[in-house]
Engineer: 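Sharing a structure below in structure tokens format, with a few things to ask.
Just so we're clear, the structure is a prediction, and the values are computed from it rather than from any experiment. All residue numbers refer to positions in the sequence shown, counting from 1.
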Amino acid sequence: MEKTKLTENSTADDKLNKCLVEARNTLEIEAQAVSQLKQKIGSEFKKVMEVIINCTGRVIFTGVGKTGLVGQKLAATFSSTGTSAFFVHAGEGSHGDLGMIKQGDVVIAISNSGESEEVINLLPSLRRIGVTLVALTGDNNSTLAKQADLILEASVAAEACPNNLAPTASTTAAIALGDALAIALSTYYGFTPEDFALYHPGGSLGRKLLTKVKDVIKIREQNPVVNSATATVREALFEMTKSRMGSTSVVDQAGKLVGIITDGDIRRLLEESADFIDQPVKKYMTVNPTTITADKLAAQALQIMEAKEINDLPVVAAGEPVAMLNFQDLLRAKVF
């Protein structure tokens with residue numbers, strides 16, 4: 001790793017450059033700490049998963065100080081990915097909050113040293129309550145680890161702090177290992193985007209996950225359609241103008257979608273000649289256009305339209321166009 005030394009003659013810029021070196025070192029140390037955790041994903045990790053999957057109670061995280069903040073974050077991550085969990089502060093636990101914990105619960109106690117006094121003080125009571133105790137710790141030989149039923153080891157070679165004191169790499173490792181457990185459990189449960197949306201109804205994330213195509217097409221409620229057997233390009237253009245859409249679906253005699261023509265197509269044709277305007281629309285339409293159904297997420301429609309660089313997307317049901325979805329309407333619905 002980079003090292004710099006400051007002398008009595010060092011300038012303010014020298015000091016700032018030294019700070020940049022320490023910032024890079026911090027990221028390198030923490031990245032290494034997380035990378036090394038891959039070796040910890042094995043039989044013990046699997047046992048912790050099984051205990052949580054078969055748990056008849058709840059999952060409770062506990063810790064104090066920086067590890068308390070880690071516990072709060074992990075409880076939130078577990079809950080939002082399909083494993084109900086909450087946090088009990090270790091200090092408050094000794095003053096009545098242990099009443100929130102019941103027999104059959106799984107308690108994940110977080111302490112890098114495994115010797116945090118507030119956490120250790122809870123252990124006798126937790127044993128009497130009858131929980132399964134999981135230690136998330138950096139020391140497998142600590143008091144916490146020895147009294148735990150299972151251990152999630154998140155040891156690090158050193159903290160990123162130059163004095164090797166401030167919890168940095170250790171808290172990063174604990175969060176990463178906890179996240180790995182949350183996602184592994186989420187995968188086991190088959191947690192879907194729809195499940196995720198249920199727990200995230202607010203804000204832009206909620207809109208992305210909850211808004212469907214059928215919600216967006218209500219903004220205009222337009223379904224421009226012409227018949228491939230009889231319509232001309234001129235008629236298709238009139239249909240676009242009437243609906244104020246940038247394209248129109250082209251259907252066969254049975255009403256099935258066979259193509260699409262856009263105002264962009266017509267502008268490009270005008271560059272060559274105006275003779276096409278009274279020609280059959282089927283001569284110039286795009287056959288087998290990209291479509292979507294009304295039950296799909298609007299975010300999926302947005303992704304398709306951005307990838308294909310199109311402004312309109314026919315919405316179909318059983319092969320028949322039922323609406324035209326416009327890119328601007330997705331923006332109005334704030335699906336981005």
Side-chain angles (χ1 to χ4, degrees), residues 192-197 203-336:
T192 65
E194 289 74 18
D195 295 326
F196 194 81
S204 61
L205 180 58
R207 284 192 294 271
K208 280 186 178 182
L209 295 171
L210 292 174
T211 305
K212 294 193 175 182
V213 170
K214 63 183 178 182
D215 302 314
V216 180
I217 59 179
K218 291 177 182 177
I219 293 175
R220 297 199 199 199
E221 295 185 335
Q222 293 294 332
N223 185 31
V225 174
V226 295
N227 193 296
S228 65
T230 59
T232 64
V233 175
R234 183 190 300 273
E235 291 168 333
L237 183 58
F238 286 163
E239 184 68 17
M240 290 182 215
T241 303
K242 183 175 70 173
S243 65
R244 301 182 67 183
M245 301 295 285
S247 62
T248 180
S249 298
V250 184
V251 300
D252 61 17
Q253 292 291 77
K256 301 294 184 181
L257 183 71
V258 293
I260 189 173
I261 188 166
T262 71
D263 55 3
D265 295 332
I266 295 174
R267 284 195 299 271
R268 284 186 288 273
L269 288 168
L270 279 170
E271 292 177 355
E272 301 174 8
S273 169
D275 295 339
F276 70 92
I277 199 72
D278 291 310
Q279 294 293 313
V281 70
K282 63 182 179 182
K283 186 176 179 180
Y284 302 103
M285 70 182 184
T286 299
V287 297
N288 299 319
T290 302
T291 63
I292 198 166
T293 55
D295 62 319
K296 298 297 184 183
L297 289 174
Q300 184 177 345
L302 179 63
Q303 185 179 34
I304 292 170
M305 295 169 83
E306 288 180 329
K308 295 187 175 292
E309 297 184 345
I310 56 178
N311 290 318
D312 296 292
L313 186 62
V315 182
V316 299
E320 297 182 8
V322 296
M324 186 68 74
L325 181 64
N326 182 268
F327 186 82
Q328 291 299 321
D329 292 338
L330 289 170
L331 296 183
R332 288 191 186 98
K334 298 183 178 180
V335 183
F336 52 86

Engineer: Heavy-atom distance under 4.5 Å between the side chains of Leu297 and Thr211, does that happen here?
Structural biologist: no
Engineer: Identify the two heavy atoms, one from Ala323 and one from Asn223, that lie closest to each other, and give their separation to 0.1 Å.
Structural biologist: N-OD1, 3.2 Å
Engineer: Counting only heavy atoms not in Gln303, do more than 12 sit closer than 6.0 Å to its CD atom?
Structural biologist: no
Engineer: Do you know the tightest heavy-atom contact between Ala229 and Gln253?
Structural biologist: CB-OE1, 3.8 Å
Engineer: Calculate, to the nearest 0.5 Å, the distance between atoms CD and OG1 belonging to Gln300 and Thr293 respectively.
Structural biologist: 7.5 Å
Engineer: How far does CD of Glu221 sit from OG of Ser243, to the nearest 0.5 angstrom?
Structural biologist: 13.5 Å
Engineer: Closest approach of Thr262 and Ser247, non-hydrogen atoms and distance?
Structural biologist: CG2-CB, 3.7 Å
Engineer: Is the shortest side-chain heavy-atom distance between Lys214 and Asp295 below 4.5 Å?
Structural biologist: no
Engineer: Grab the two heavy atoms, one from Gly259 and one from Pro289, that are nearest each other, plus how far apart they are.
Structural biologist: CA-CD, 3.7 Å
Engineer: Please round to the nearest 0.5 Å and tell me the distance separating atom CG of Leu330 and atom CD1 of Ile219.
Structural biologist: 7.5 Å
Engineer: May I ask you to test the Pro224-Met240 pair for a side-chain heavy-atom distance under 4.5 Å?
Structural biologist: no
Engineer: I'd like to know if Lys212 and Asp215 make a salt bridge, using a cut-off of under 4.0 Å between side-chain N and carboxylate O.
Structural biologist: no
Engineer: For residues Val251 and Pro321, determine if any side-chain heavy atom of one lies less than 4.5 Å from a side-chain heavy atom of the other.
Structural biologist: yes
Engineer: If you compare all heavy atoms of Phe327 against all heavy atoms of Met305, which two are closest, and at what distance to 0.1 Å?
Structural biologist: N-CE, 3.4 Å
Engineer: Contact between Leu325 and Val216 at the side-chain level, heavy atoms closer than 4.5 Å - yes or no?
Structural biologist: yes
Engineer: When you look at Val258 and Val287, which way does the side-chain contact (heavy atoms from CB on, under 4.5 Å) test go after all the steps?
Structural biologist: CA-CA 6 Å; Val258 293; Val287 297; over 6 Å; no
Engineer: Could you give the distance from CZ (Arg234) to CD1 (Ile266), rounded to the nearest 0.5 Å?
Structural biologist: 10.5 Å
Engineer: Have a look at Thr286 and tell me which of Asp265, Ile310, Ile261 forms a side chain to side chain contact (heavy atoms under 4.5 Å, CB included) with it.
Structural biologist: Asp265
Engineer: Write down the atom of Pro280, the atom of Val233, and the distance for their closest heavy-atom approach.
Structural biologist: O-CG2, 4.2 Å
Engineer: Charged N to carboxylate O under 4.0 angstrom, Asp329 versus Arg220?
Structural biologist: yes
Engineer: Quick one: does Glu235's side chain have a donor or acceptor within less than 3.5 Å of a partner on Thr232's backbone?
Structural biologist: yes
Engineer: One thing to verify: whether Arg268 and Glu271 come together as a salt bridge, which I'm taking to mean a side-chain N less than 4.0 angstrom from a carboxylate O.
Structural biologist: no
Engineer: Would the distance check show the side chain of Asp252 and the main-chain N or O of Lys256 forming a donor-acceptor pair, the cut-off being under 3.5 Å?
Structural biologist: yes
Engineer: Would you say Val316 and Ile292 make side-chain contact, with heavy atoms under 4.5 Å?
Structural biologist: no
Engineer: Starting at OH of Tyr284, measure out to CD1 of Ile277 and round the result to the nearest 0.5 Å.
Structural biologist: 9.5 Å
Engineer: In Å, rounded to the nearest 0.5 Å, how long is the span from CE of Met245 to CE of Met324?
Structural biologist: 6.0 Å
Engineer: If you define the side chain from C-beta out and look only at heavy atoms, does anything of Thr248 sit under 4.5 Å from Ile260?
Structural biologist: no
Engineer: Less than 4.5 Å apart, any side-chain heavy atom of Phe276 and any of Leu270?
Structural biologist: yes
